[in-house]
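Worksheet for the structure shown next.
Sequence lines set the chain letters: A, B, ... in the order given, protein chains first and strands last, and positions in each chain run from 1. Basis for what follows: all heavy atoms, side chains included, without hydrogens, waters or symmetry-related copies.
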Amino acid sequence: MPHLPPAQEEVALQFHQLCEHLMLPAVPANTVLGIEEGAGLPDAAFWWKERATCCKVRARRFGSQRQLVVVEPSSTAGVAVLKLKNLPVNSFSLEFLTELIINLEKLENDKTFRGIIITSDCPKAFSAGVDLREICGKNPAHYTEYWKVLQDLWLRLYLSNLVLISAINGPCAAGGCLIPLTSDYRILADNPKCLIGLNETRLGISAPFWFKDPLVNIIGHRASEHALQLGLLFPPAEALQVGIVDKVVPKDQVQSTALSVMTQWLAIPDHARQLTKNMIRKPTADLLVKHRDTDIQNFVSFISRDSIQKSLQMYLAKLKQNKD
Amino acid sequence: MPHLPPAQEEVALQFHQLCEHLMLPAVPANTVLGIEEGAGLPDAAFWWKERATCCKVRARRFGSQRQLVVVEPSSTAGVAVLKLKNLPVNSFSLEFLTELIINLEKLENDKTFRGIIITSDCPKAFSAGVDLREICGKNPAHYTEYWKVLQDLWLRLYLSNLVLISAINGPCAAGGCLIPLTSDYRILADNPKCLIGLNETRLGISAPFWFKDPLVNIIGHRASEHALQLGLLFPPAEALQVGIVDKVVPKDQVQSTALSVMTQWLAIPDHARQLTKNMIRKPTADLLVKHRDTDIQNFVSFISRDSIQKSLQMYLAKLKQNKD
Amino acid sequence: MPHLPPAQEEVALQFHQLCEHLMLPAVPANTVLGIEEGAGLPDAAFWWKERATCCKVRARRFGSQRQLVVVEPSSTAGVAVLKLKNLPVNSFSLEFLTELIINLEKLENDKTFRGIIITSDCPKAFSAGVDLREICGKNPAHYTEYWKVLQDLWLRLYLSNLVLISAINGPCAAGGCLIPLTSDYRILADNPKCLIGLNETRLGISAPFWFKDPLVNIIGHRASEHALQLGLLFPPAEALQVGIVDKVVPKDQVQSTALSVMTQWLAIPDHARQLTKNMIRKPTADLLVKHRDTDIQNFVSFISRDSIQKSLQMYLAKLKQNKD
């Protein structure tokens, strides 16, 4: 039984809405979501060819050759490497989030794969989180859709049946922590630039409760209260000490360490591990499922305020100016 | 929207009852609670003058020149220092608790202030907690009122919008931990006499659940179970290791360290920090709000038992004898 | 008011059913449960004689001279030592569980005793947990009864009014952790063979939520998620570091350390300590009480599956082969 059939339907629906929004031809939901019935693909090589075709299709569909999420089979059987490539800093545009969810659904439903290593293919960052352009100067319907997709990504990752390992090879701030916080294991590159943390308060906003909850689960209540109120970004040694990551290794060993840790996790029978993971995580996930509509309303009403929109506009103008 | 309008009303009511009890003229509720409408005082100097007058008024009101809680503006703008001065050991008399709550309400509603450092002005202790004379030889109505005011203090502190830092410059036992446990940050003087902990079981009683809950939030479930069952009082190094305090510094640096930590906290925009603090703490506070009547009933019925009253009387007689 | 009157009734009922099952004469429930009314035995010596008689009676009743649980008074007044002696590895047969619960009830209701040290009298292990012969090749009624008795043991231990210290002098895996996880304090022998942990996933199964909950209470959410998914067995140093045990000492000092720790716990007035323990543990215990029927149904339906039964049979055949 899949964990999130309603959420899957929503993703499909949102994807269709997105297609319409972008005036692109809609495709059947099960193609979009990568749910091939009676799948059981013979091997990773076959899957890889099939996927390449699919990506070209999607690239066309999005009206660009740009591929924001690259999936590669690893040297270890059953393990896919998912590379985030939304230059320059993997900020969460709606397009990027959608492509990410599609790829995750695909891997989740492909019996060939048992684990995913998620890493960045942008030299500058693991992820900068929310793309401010998605929450500035748009309408409430857009904000609603955006926040829903972000929640979908969280649910997809947090309750994934696959083993998820974050290979954090760059800075990872605010919403960018969504992937590490929902993974099973976190490896951080030992580089002073590789800060990690929920620094929302420093930007004048508050992290949503579904970021706070997994943080509390990982580093405990007191450390979370402290880190969240002060918007702390931890350098590697402190990140390890507070427990927001499980391992710190030199940057060029992040990937290989992720693979060797993955091997330990794959030594455990999938079914038993999945039941156990679900038992531990379901109460936390249920809180989001139960309160997601209220949470969307809160977000939309907050972000639609004139004062917030004005400061976002100023902030974006400043960012643009710095670039020019 | 203020957090605790019903609790504020209760405090006002209790204060009026207290006035009646002491046969003093009652004053309008908003004066008592320090809620001046349209406040926005120009600066700390002005506030300080205004406060001095107010304190004289209250001192008269209580029929004594003794001031149990002294509020001073600190060298840092926006930071008040609240000095507990209920000699000899800042035990929680009803008068002291009421004066403390009034001062906290006042600061909470005064836009001039963003943070409070709470410290002791008694050489012998930070606080010894519950004043046994309040729970011995009185009637159930008195015990009910007393416990309610203690709960009010907890709620006022735990959900305060201000940054609260406990500068713990003396021993701090049992109920005396109420202020540190509900603060945002705890600094303890590095002196072997400066023990801190919930040692209720050693006195033959059990700490209420609303002391247990923040302790679990701060030091975790296992350490709390251990510390509470054994009534452990931690010396500074152990207090730091178990996490019941955040920092240990030489006694003469407690105050200056508190100010420098406060500066870090004030670097964060108030609104974002307050939202975040409330998000993390509300579930714990809600438990007290929901169960406070039952908790009062339990306390009153427990403390009214003949056996408990007898042992309290013996204990107090012993304390008095030791003094003489 | 005793904590678990319905559970006690169930144990009595189950014991009677067990007697009937074994075609032995039933005995009155209060004898079985060791609840002598107006007890107040004069001293441990008397109790010890009385107990010896009772054990012989039970040994006859079970149709064997084999005594699976040996209770001895310790050198410290008020402390019983409970030795698990179900050779070779203290696996939880229904007979062993029943005898264990009976002895625990007996001690719980005997005012002579305030604390129990639980240790193993099998050289090979502290406990190997569930006896696979009880959950393989039997019928659903048997599985139901077995799981209920296991839950009863958990509830009896977790909410015990006595101080429980586990003196873990051998390996302790999976269900074998039930006793340590529900104790007040855990001491592990410093021997590389003395592994401790919930390794269920390695056996292809998932630990029940009422093993997960106390583990989370003891070592925190993140460490539990990690340990449970990977089925980690911790050697002594790691066990201490992660916090699944409180102390590691040389094997020949486990017993004496348990006694000296017990002395610290007995310095606390019983009533206050019991109230405190109950306040902290009740929410966790309530989850099992509330969901125990569903949990039994889940277990019985899982264990009754053909695939599970087949793999258990193969596993047992293999174990038998290794012995021959």
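Both the backbone and the side chain of L228(A) come within less than 4.5 Å of a heavy atom in chain B. Interface remark: I280(B) contributes backbone and side-chain atoms alike to the contact with chain A (heavy atom separation under 4.5 Å). For D270(B), no part lies under 4.5 angstrom from a heavy atom of chain A.
Across all their heavy atoms, W265(B) and H226(A) have their closest contact at CZ2-CD2, 3.5 Å. Contact detail for A272(B) and S206(A): the closest heavy-atom pair is O-CB, 4.2 Å.
Atom CD of residue Q264(B) and atom CG of residue L232(A) lie 9.0 Å apart, to the nearest 0.5 angstrom. A distance of 4.5 Å separates OG1 of T284(B) from NE2 of H221(A), quoted to the nearest 0.5 Å. In this structure, the separation between OH on Y185(B) and CD on E225(A) is 12.5 Å, given to the nearest 0.5 Å.
Within 6.0 Å of CG in N139(A) there are more than 12 heavy atoms belonging to other residues, nucleotides or ligands. Residue Q313(A) qualifies as enclosed at atom CD: its count of foreign heavy atoms under 6.0 Å is above 12. Counting heavy atoms of neighbouring residues, nucleotides and ligands inside a 6.0 Å radius, atom NZ of K138(A) exceeds 12 of them. F302(A) CZ: more than 12 foreign heavy atoms inside a 6.0 Å radius.
Between the side chains of D184(B) and Q229(A), at least one donor-acceptor pair of N or O atoms lies under 3.5 Å.
Counting only heavy atoms from C-beta outward, the side chains of N217(B) and R222(A) never approach each other to under 4.5 Å.
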